[in-house]
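One structure is given here, and the rest of the page talks about it.
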Amino acid sequence: MIYDVAIIGAGIIGASVAYSLSRYDLSVVLLEKECDVALGTTRANSGIVHAGYDPPVGSLMAALNVEGNALMPDLCRDLDVLFEPCGSLVVAHNADEDKVVRELFARGLQNGVPDMEIIGRERILSMEPNLNAAVTTALWAPTAGIVNPWDLCIAMCEVFVRLGGRILLNSEVLATGRDDGHWCLTIPSGTIRAQRVINTAGLYSDEVHAQVSPPDFTILPARGQYYLLDKSQGNQVRSVIFSCPAKDTKGVVVTRTVHGNLMIGPTKEYIHDKDDTATTADGLREIRKKALKMVGSINFRENIANFSGIRANPDKDDFLIRKVSDVDHYYEAAGIKSPGLASAPAIGRYVVDLLREDGVPLPEKQRVLDDPLTMTRRIVRFNRMRPDEREALVKKDARYGRIVCRCETVTEGEVLDAIHSPLPAQTIDAVKRRTAAGLGRCQGGFCGPRIAALLAEELHLRPTEIIKDRTGSYLFTGPTGAEHSGKEPRDAR
Amino acid sequence: MHADLIIIGAGPAGLAAAAEAHRHGIRDILVLERDNEPGGILNQCIHNGFGLHIYKEELTGPEYAARAFDELRDTSVVVKQDTMVLSVSPDRVLSAINPADGYFEVSAGAIILAMGCRERTRGAIAIPGDRPSGILTAGAAQRYVNIEGCMVGKRVVLLGSGDIGLIMARRMTLEGAEVLACVELMPFSGGLTRNIVQCLQDYNIPLMLSHTITDIRGKNRLQSVTVSKVDDDLRPIPGTETEMECDTLLLSVGLIPENELSKTAGVELDPRTGGPRVTDDTRTTVPGIFACGNVLHVHDLVDNVTLEARKAGRAAARFLREEKSDNAGPARLPNGHGRTHPAPSLTIQTDHNVIYTVPQSFRLPLPDKTADIYFRVRSILRECEIVLTDAAGRIVRRVPKDYMTPGEMEKITLSADALNELGTQTLTLSVVEQEARDD
């Protein structure tokens, strides 16, 4: 078959485009090189829905950030995605930084950010009692928030699939060619044909672009390292706290996550390998130092995980969302750096507008017209339910009465839901991203064996076929007893 | 729903507490266990060496668990398995869930916390590097190997020398894996001496003291770890790095009492133990809530868990009896165990060589003839003396020791009469080295 549209890359941007296109009567395929969606930049970032005072005035980033921020609360409500409108503070500690705060405020006004205020020390400390008492002023932006980026990406993909979209995993686009008036995308399992292609390949968007024409941009992968602390530290701050951006030093963010943990980071290191998500002793030390300067009471002994994400920063000052000029029917949303997550809902719509302007017919799906709820999603989140809801749920299905993940209170029923969702979880970490099982303080020590067993049973996998995350991340080398060492204690007693 | 006594956890602590409370006259006892069988972590400890003190024979973990469970046979104790307690309130109302009963709330006359502990993870020690598969805690590996029957790797490095790690080094070796080294940050092992000998030395597994892992490589599956020597301040020394190719890194870097529920009940914790502050009869700071086993402090011998749990069982039974007589009429017990008046107490402070004590204080008068203080030392000490002094500096008790190590819990036993005579004051527990040695 020839698809109407092929989207390359199932990160938050590809997912937003796919979700936006779900409304229309088109055949759409979303190609992803990894074994799950949301495995690139989307998997590891600050999870912040920026208010919109950062991007330069008049930039596409500024417009899409403010628009995306405004769309986010309703979108997350529709998709049952964890989102909290907790607001953000950019905190200054001296006269130079006070000046930066005023500049950001002025820029925010021009960008159309609503409800911002510059607030003084007393009010800052009443809002955030754990901040370093040497704060002078801060920019308070109540429209900023926090969201779970994978949750949002997965939710959009699930709706896309439910409305007839197709997602092909393990499908890296190796080459792009033209044949008989349509595009031919070579993937490991064959060729995908499509009238139109949208490149949302994130870190690899320059390389994908190069398959059809010489790119006028390069992605400069920028690594950011993070700390994720136990929920015991989650109440250190209420809103997202940014240190003041200064010329030579990159600031740091102290924020709660939607799961109630405390997250701190990121570093910013330009690296060569787009896949190098290692953390380093130096990077982690830098974060600790900067964070403690802002919030002295953070207890790093309560750390539960460190991780790195790679930002897909372009060597340009703005997002590159456009029709690729020298070829027909080829579009891209590339160079999506920060505030890409906040902008994502608006970027999906923007790409649809690009297609419309380019003459692509976009008839709305009858199903969507008949029932707008088809664009929404609901999942069971046991740990957020009231006692009476829990009681009713377990009465209906006993599998919701068995807790699999102690730390996050995730039930067997929720894990099974994830394994049988429109975008089935097939790995330990895919279950984690969908249910939060394994995300907590024991880091899967307790629930890992149970989730492995459920995956094996439901997907008919042998234990050696179960993987943690990406292809090759196997958990087991075989059954026990297969290979007896014949070893005896040195002093056989 | 109501039960006179609710015990959270059916591991060795919960089972022993239930049996003892029943022996002391409590009949309405409910034990809530989150796993699908009683026994707790013992079920995956298929090696032997358990029970030498309590049962006077060498048992495997599952055998010990079975003995503990057998003590409940023909009693009225109810054990609910597959049951997760979600919260405990300060006035002793629990919410819990299981597939059979669904969500339920139950109030308790008394509660014994016996939730055990969990393992510290890679995050707790913030090892930098990649995040491939093949890095797991020793206890998780033990479960996969001993219960699920799955081998977790072939070339193994062990970081930390806690007992579970040492046991797993041997287990992996016997299953045909190659264990390259046991890497320990401290200049001494945190494990039992018998495990160092029987699990490492007997299989020629090198113990690299004063070393740590400073980098992890492997995009998908673990490929190598970098081992570095550390200086006296435990900082890695540049230039000492060695890369070890391996597919598995087992972590045995400490255990943390699992007190999330205790916190919901408002129980005060001791940052040194990670468990509740308790008096000698295992009472926490919340009336009617007791704690025993690894949720209170991490033990190295299950026999000690059983002894402590029996104490908790007796204390909870006594509490329930007193409550009943309190409610029945005017006859307040004269011994100060009632709720309204805080009992006189002896608190124990420690010197720099002692990490913590359990209990942290004694309620006077003491209920039994003797009372124990359990504690751990901070580093290896030789030719030393345990000294307990009163507020005036007078020596209450003095015990000479040839050798003390953080890996082995210490105990001194005191006469209740002597403590009762001291009255309300603060005692100091010290370990004094008679003669400092350099090795």
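Keep in mind that this is a model prediction, so the values were computed, not measured. All chains are named by letter (A, B, ...) in the order of the sequence lines, taking the proteins before the strands, and each is independently numbered beginning at 1.
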### Summary
Cut-off 4.5 Å, heavy atoms of chain A, and the answer for B:D101 is neither

### Test item: side-chain donor near acceptor, A:S297 and A:Q236, under 3.5 Å
yes

### Query
So which of B:R221, B:R217, B:E119 has the biggest tally of heavy-atom pairs under 4.5 Å with chain A?
B:R221

### Task
Flag the pair A:E414 and A:R381 as a salt bridge only when some basic side-chain nitrogen lies within less than 4.0 angstrom of an acidic carboxylate oxygen.
no

### Message
Need one label for A:D388: side chain, backbone, both or neither, based on atoms under 4.5 Å from any heavy atom in chain B.
### Response
neither

### Query
Which answer fits A:T471, side chain, backbone, both or neither, if we ask what part of it has an atom under 4.5 Å from a heavy atom of chain B?
backbone

### Query
For A:R450, is it the side chain, the backbone, both or neither that has a heavy atom under 4.5 Å from a heavy atom of chain B?
side chain

#### Entry: Options B:R120, B:E258, B:R34, B:E105, ranked by heavy-atom pairs under 4.5 Å with chain A, top entry
B:R34

### Leading residue by heavy atom contact count with chain B [cutoff under 4.5 Å; candidates A:V394, A:T279, A:N383]
A:T279

### Query
A:P387 versus chain B, heavy atoms under 4.5 Å apart: side chain, backbone, both or neither?
both

### Basic-acidic side-chain contact under 4.0 Å: B:E260, A:R406
no

### Query
If you draw a 6.0 Å radius around CD in B:E245, do more than 12 non-hydrogen atoms from other residues or ligands fall strictly inside?
no

### Message
Does anything in residues 119-153 of chain B form a ring pair (Phe, Tyr, Trp, His ring centres under 6.0 Å)? List the pairs, not counting sequence neighbours.
### Response
A:F476-B:Y144

### Exercise: do A:S473 and B:S133 side chains pair donor with acceptor under 3.5 Å
no

### Task
Please state whether the side chain, the backbone, both or neither of B:L222 comes within less than 4.5 Å of a heavy atom of chain A.
neither

### Summary
Under 4.5 Å to a heavy atom of chain A? For B:R118 that would be side chain

### Task
Against chain A, label B:I97 side chain, backbone, both or neither, depending on which of its atoms sit under 4.5 Å from a heavy atom there.
both

#### Entry: A:N45 and A:R311: side chain donor to acceptor below 3.5 Å
no

### Task
Using non-hydrogen atoms and a 4.5 Å limit, figure out which bit of B:R170 sits close to chain A: side chain, backbone, both or neither.
neither

### Task
Counting only heavy atoms closer than 4.5 Å, note whether B:E148 contacts chain A via side chain, backbone, both or neither.
side chain

### Query
Are A:K274 and A:Y204 in a cation-pi contact, defined as NZ or CZ under 6.0 Å from the six-membered ring centre and within 45° of the axis?
yes

#### Entry: For chain A, the option from B:G123, B:A141, B:A100 that forms the most heavy-atom pairs under 4.5 Å
B:G123

### Task
Using side chain to side chain contact (heavy atoms under 4.5 Å, CB included) as the criterion, list what pairs up with B:A114, not counting sequence neighbours.
B:I7, B:A13, B:C292

### Query
Got a sec: does the NZ of A:K396 have more than 12 other heavy atoms crowding it under 6.0 Å?
no

### Task
Against chain B, label A:F307 side chain, backbone, both or neither, depending on which of its atoms sit under 4.5 Å from a heavy atom there.
both

### Proximity breakdown for A:T409 and chain B, heavy-atom pairs closer than 4.5 Å
side chain

### Summary
Residue from B:P132, B:A124, B:A126, B:C199 scoring the most non-hydrogen pairs under 4.5 Å with chain A is B:A126

### Portion of A:N306 that has a non-hydrogen atom of chain B nearer than 4.5 angstrom
both

### Task
Would you mind checking which part of A:I304 comes under 4.5 Å of any heavy atom in chain B, side chain (CB onward), backbone (N, CA, C, O), both or neither?
backbone

### Donor-acceptor pair between B:Q44 and B:Q142 side chains, under 3.5 angstrom
yes

## Note on the structure
Per-residue tally against chain A (heavy atom, under 4.5 Å) across B:G153, B:S95, B:G134 peaks at B:G153

### Query
Pick from A:R399, A:R301, A:E391: which one has the most heavy-atom pairs with chain B under 4.5 Å?
A:E391

### Message
Closer than 4.0 angstrom, basic N to acidic O: yes or no for A:K231 and A:E408?
### Response
yes

### Query
So, A:D397 and A:R402, do they make that salt bridge, N to O below 4.0 Å?
no

### Summary
Of A:G445, A:A281, A:A453, A:A278, the largest count of non-hydrogen pairs under 4.5 angstrom with chain B goes to A:A278

### Query
Among B:L86, B:T214, B:L136, which has the most heavy-atom pairs under 4.5 Å with chain A?
B:L86

### Message
Can you tell whether the side chains of A:D429 and B:R131 come within less than 4.0 Å, N to carboxylate O?
### Response
no

